[in-house]
Amino acid sequence: MPPVASSLFNAPWVFIRGVPSMKFLPPEGPPEIAFAGRSNVGKSSLINGLVGQKGLARTSNTPGRTQELNYFVPDGFSGKDGDLPPMALVDMPGYGYAKAPKDQVDAWTKLVFDYLRGRVTLKRVYVLIDSRHGIKKNDEEVLSLLDKAAVSYQIVLTKTDKIKAAGVPRLIAETQEKIRKRPAAFPAIIATSSEKGDGMEELREAIALAVRGG
């Protein structure tokens with residue numbers, strides 16, 4: 001692992017806070033990398049895989065459990081000026097879960113959209129897409145919002161171990177074609193499997209580059 005990615009991901013990580021509304025956001029400081037995706041797309045498993053800690057982000061069999069912006073940082077920093085962590089990972093509430101009450105869905109949606117529009121330290125959003133389903137209508141809506149907010153984002157395909165290996169390159173090509181004309185989309189697609197660890201190193205490197213402003 002090259003030095004930058006190594007220093008970011010080899011240290012232990014900790015959960016620092018859940019943010020139910022904008023007023024609870026931590027002060028802007030370290031670069032932030034956010035993860036978005038439909039409920040049950042595998043966000044928590046991906047974050048745990050990235051940092052090599054099984055229990056950091058809570059996984060649940062109940063879609064829609066993450067109702068806040070959950071902040072994670074490398075351990076060992078006080079958070080005061082001069083002792084800030086090098087970056088923060090932000091697990092955003094899953095979208096597209098039909099069984100949640102509408103007012104709850106609306107509240108989550110407003111929180112996420114306000115965060116995307118107003119966070120200067122947000123460097124990139126990784127939008128997770130389930131390899132078995134590809135980009136769906138509610139994914140398209142989120143991509144359009146990111147384009148409108150001019151927030152750089154990159155597509156991460158999850159659960160590639162659940163489809164045939166021969167289908168992965170085809171899915172990558174199809175996904176690239178779907179986002180080709182989207183102004184805020186980063187062109188490279190990262191295919192991952194949290195179960196097998198596939199694509200994790202590539203994703204770590206992409207995050208390290210985004211944190212550096214690349």
Side-chain angles (χ1 to χ4, degrees), residues 4-5 7-9 11 13-39 41-44 46-51 56-57 66-74 77 79-81 83-96 107-129 135 138-156 158 179 182-190 192 202-214:
V4 174
S7 64
L8 288 175
F9 293 104
W13 283 67
V14 292
F15 168 75
I16 55 165
R17 74 172 72 178
V19 176
S21 67
M22 291 292 283
K23 67 181 179 183
F24 295 107
L25 279 172
E28 287 180 342
E32 294 174 11
I33 298 292
F35 297 87
R38 289 196 308 271
S39 295
V41 75
K43 271 197 291 92
S44 298
L46 184 90
I47 292 169
N48 290 339
L50 266 179
V51 301
L56 182 66
T66 303
Q67 299 176 22
E68 303 174 326
L69 299 170
N70 286 324
Y71 270 74
F72 305 98
V73 296
F77 299 89
K80 295 176 181 174
D81 284 346
D83 193 29
L84 293 171
M87 69 175 293
L89 300 180
V90 183
D91 183 7
M92 300 204 297
Y95 55 82
W108 301 348
T109 303
K110 184 179 187 309
L111 171 64
V112 168
F113 292 175
D114 286 349
Y115 169 71
L116 292 175
R117 284 198 198 92
R119 198 66 171 169
V120 175
T121 44
L122 176 60
K123 295 298 183 183
R124 182 165 298 158
V125 176
Y126 287 89
V127 181
L128 277 51
I129 302 293
I135 295 176
N138 48 14
D139 298 314
E140 294 273 7
E141 290 167 359
V142 170
L143 300 184
S144 294
L145 179 104
L146 289 163
D147 287 329
K148 188 176 178 182
V151 174
S152 170
Y153 62 90
Q154 186 166 8
I155 302 291
V156 176
T158 63
I179 65 167
R182 290 189 170 276
F186 197 79
I189 309 292
I190 301 176
T192 67
E202 187 183 350
L203 182 54
R204 290 185 192 110
E205 281 309 304
I207 290 171
L209 190 62
V211 165
R212 294 197 302 262

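Computation of the quantities below employed the complete heavy-atom set of this structure, encompassing side-chain atoms and omitting hydrogens, waters and symmetry-equivalent molecules. Since this is a predicted model, take the numbers as computed values, not measurements.
- Looking only at side-chain heavy atoms (C-beta outward), Leu69 and Pro93 come within less than 4.5 Å of each other.
- Residues that satisfy the salt bridge (charged side-chain N to carboxylate O under 4.0 Å, His left out) test with Glu141, not counting sequence neighbours, are Lys137.
- Remark: Phe15 pairs with Phe72 by the ring-ring contact (aromatic ring centres under 6.0 Å, His included) rule, at least two apart or across chains.
- Judged by distance alone, the side chain of Asp83 and the main-chain N or O of Phe77 form no donor-acceptor pair under 3.5 Å.
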Chi angles and distances behind the side chain to side chain contact (heavy atoms under 4.5 Å, CB included) call for Tyr115, Val19: CA-CA 10 Å; Tyr115 169 71; Val19 176; over 6 Å; no
Before you tell me yes or no, could you show the steps for Leu50 and Ile207 under side chain to side chain contact (heavy atoms under 4.5 Å, CB included), namely the whole-Å CA-CA distance, both residues' side-chain angles and the distance that decides it to 0.1 Å? CA-CA 10 Å; Leu50 266 179; Ile207 290 171; 3.7 Å; yes
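- Residues that satisfy the salt bridge (charged side-chain N to carboxylate O under 4.0 Å, His left out) test with Lys110, not counting sequence neighbours, are Asp114.
- Taking Ser21 as the reference, nothing meets the side-chain hydrogen bond (donor to acceptor under 3.5 Å, both in side chains) condition, with sequence neighbours excluded.
- Of all the heavy atoms in Gln154 and Ala206, the pair that sits closest is OE1-CB, 4.0 Å.
- With sequence neighbours left out, the side-chain hydrogen bond (donor to acceptor under 3.5 Å, both in side chains) criterion links Glu28 to no other residue.
- In this view, Ile135 and Ile129, Asp139, Glu140, Leu143, Thr175, Lys178, Ile179 satisfy the side-chain contact (heavy atoms from CB on, under 4.5 Å) rule, not counting sequence neighbours.
- Taking 4.5 Å as the limit, every side-chain heavy atom of Leu46 sits out of range of all side-chain heavy atoms of Lys43.
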Could you go through Thr192 and Glu202, starting from their C-alpha distance and side-chain angles, then the distance that decides it, and tell me whether this counts as side chain to side chain contact (heavy atoms under 4.5 Å, CB included)? CA-CA 9 Å; Thr192 67; Glu202 187 183 350; over 6 Å; no
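- Scanning for side-chain hydrogen bond (donor to acceptor under 3.5 Å, both in side chains) contacts around Asp81 gives an empty result, with sequence neighbours left out.
- Across all their heavy atoms, Tyr126 and Leu128 have their closest contact at O-CD1, 3.5 Å.
- Scanning for salt bridge (charged side-chain N to carboxylate O under 4.0 Å, His left out) contacts around Arg17 gives an empty result, with sequence neighbours left out.
- The two atoms that bring Thr121 and Pro30 nearest to each other are CB-O, 3.5 Å, heavy atoms only.
- The shortest side-chain heavy-atom distance between Pro86 and Val211 does not fall under the 4.5 Å cut-off.
- Remark: Val73 engages Val14, Ile16, Pro85, Ala88 in a side-chain contact (heavy atoms from CB on, under 4.5 Å) (not counting sequence neighbours).
- Tyr153 pairs by the ring-ring contact (aromatic ring centres under 6.0 Å, His included) definition with nothing, not counting sequence neighbours.
- Taking CD of Glu205 as the reference point, atom CD1 of Ile190 lies at 10.0 Å (rounded to 0.5 Å).
- In this structure, Ala184 and Val151 approach most closely via the heavy-atom pair CB-O, 3.3 Å.
- Taking CG of Leu116 as the start and CG of Leu111 as the end, the distance is 9.5 Å to the nearest 0.5 Å.
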Val142 and Tyr95: CA distance, side-chain angles, deciding distance, side chain to side chain contact (heavy atoms under 4.5 Å, CB included) verdict: CA-CA 9 Å; Val142 170; Tyr95 55 82; 3.7 Å; yes
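- Contact record, Lys123 with Ala210: CB-O, 3.8 Å, taken as the closest heavy-atom pair.
- Rounded to the nearest 0.5 angstrom, Leu146 CG and Arg117 CZ are separated by 10.5 Å.
- Proximity of Arg119 to Val90: side-chain heavy atoms (C-beta onward) are nowhere separated by under 4.5 Å.
- When every heavy atom of Arg182 is checked against every heavy atom of Asp147, the shortest pair comes out as NH1-OD2, 2.8 Å.
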